[in-house]
Amino acid sequence: MALKMTSKLPQAATLKQILKRCSSLGKKQGMGEEEGLPLDVPKGHFAVYVGENRSRFIVPISLLSHPEFQSLLRAAEEEFGFNHGMGLTIPCEETVFRSLTSMLC
């Protein structure tokens with residue numbers, strides 16, 4: 001699954017931008033007061049929605065450093081963009097996502 005980089009921002013800046021948008025979603029939805037995150041998301045993690053049913057997964061931020069996960073983020077940006085209120089949605093089958101994250105964690 002090779003995807004080309006669609007953003008002109010350096011990779012680190014792009015990842016910071018994604019995290020900022022993820023953490024601001026909770027503020028928009030009236031969730032956790034202190035950090036603007038849902039209360040069930042532990043520090044150092046973030047929520048993503050995967051598959052046709054948009055199943056919710058809580059994943060560690062450390063996954064952002066893996067090229068395989070970065071490919072999924074680029075695919076998400078291309079398909080959905082990051083300026084919507086649905087949360088970070090990954091265009092991937094749940095079984096594939098579970099398999100990938102279990103190998104990376």
Side-chain angles (χ1 to χ4, degrees):
M1 177 183 214
L3 296 173
K4 63 180 182 176
M5 185 71 139
T6 59
S7 176
K8 294 187 183 348
L9 293 175
Q11 187 174 8
T14 301
L15 293 175
K16 286 180 184 178
Q17 189 177 49
I18 291 167
L19 281 176
K20 184 176 179 182
R21 287 182 179 154
C22 289
S23 65
S24 69
L25 289 174
K27 291 178 186 173
K28 291 178 187 174
Q29 297 171 357
M31 296 182 185
E33 304 254 340
E34 285 183 29
E35 297 177 10
L37 294 173
L39 298 175
D40 64 337
V41 177
K43 188 173 185 173
H45 292 72
F46 62 102
V48 296
Y49 299 87
V50 179
E52 288 184 24
N53 296 324
R54 303 291 189 254
S55 298
R56 187 170 185 251
F57 291 87
I58 307 297
V59 296
I61 289 175
S62 62
L63 286 183
L64 294 172
S65 65
H66 293 280
E68 296 86 354
F69 196 80
Q70 292 172 11
S71 292
L72 287 177
L73 292 175
R74 286 191 293 274
E77 180 181 26
E78 287 177 8
E79 187 162 331
F80 304 112
F82 293 124
N83 292 322
H84 58 82
M86 293 174 45
L88 181 57
T89 305
I90 305 289
C92 179
E93 293 180 20
E94 284 183 54
T95 55
V96 174
F97 184 80
R98 286 175 200 240
S99 176
L100 175 66
T101 55
S102 69
M103 289 187 305
L104 298 177
C105 289

Report task. Verify side-chain contact (heavy atoms from CB on, under 4.5 Å) between I58 and F46, making sure each step is shown before the conclusion. Result -> CA-CA 6 Å; I58 307 297; F46 62 102; over 6 Å; no
Query raised in the report: So, for P91 and A76, which heavy atoms are closest and what is the spacing to 0.1 Å?
Result: CD-CA, 3.5 Å
**Report entry** Considering all heavy atoms, the nearest S99-S102 contact
**Finding:**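 Between these two residues, the closest heavy atoms are O-OG, 2.8 Å.
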Query raised in the report: side-chain contact (heavy atoms from CB on, under 4.5 Å) between R56 and D40: does it pass, once the steps are laid out?
Result: CA-CA 12 Å; R56 187 170 185 251; D40 64 337; 2.6 Å; yes
Report task. Find the distance between CD (E77) and CG (L88) and round it off to the nearest 0.5 Å. Result -> 10.5 Å
Query raised in the report: Going from CD1 on I61 to NE2 on H45, what distance comes out if it is rounded to the nearest 0.5 angstrom?
Result: 8.0 Å
Please enumerate all residues that pass side-chain contact (heavy atoms from CB on, under 4.5 Å) together with [X], with sequence neighbours excluded.
{"X": "R54", "answer": "Y49, F80, M86, T89"}
{"X": "E93", "answer": "T95, V96"}
{"X": "S55", "answer": "N53, F57, E94"}

Requested in this report: Determine whether L64 and F69 make a side-chain contact, defined as any pair of heavy atoms from C-beta on separated by less than 4.5 Å.
Outcome: yes
Query raised in the report: Heavy-atom distance under 4.5 Å between the side chains of L72 and L100, does that happen here?
Result: yes
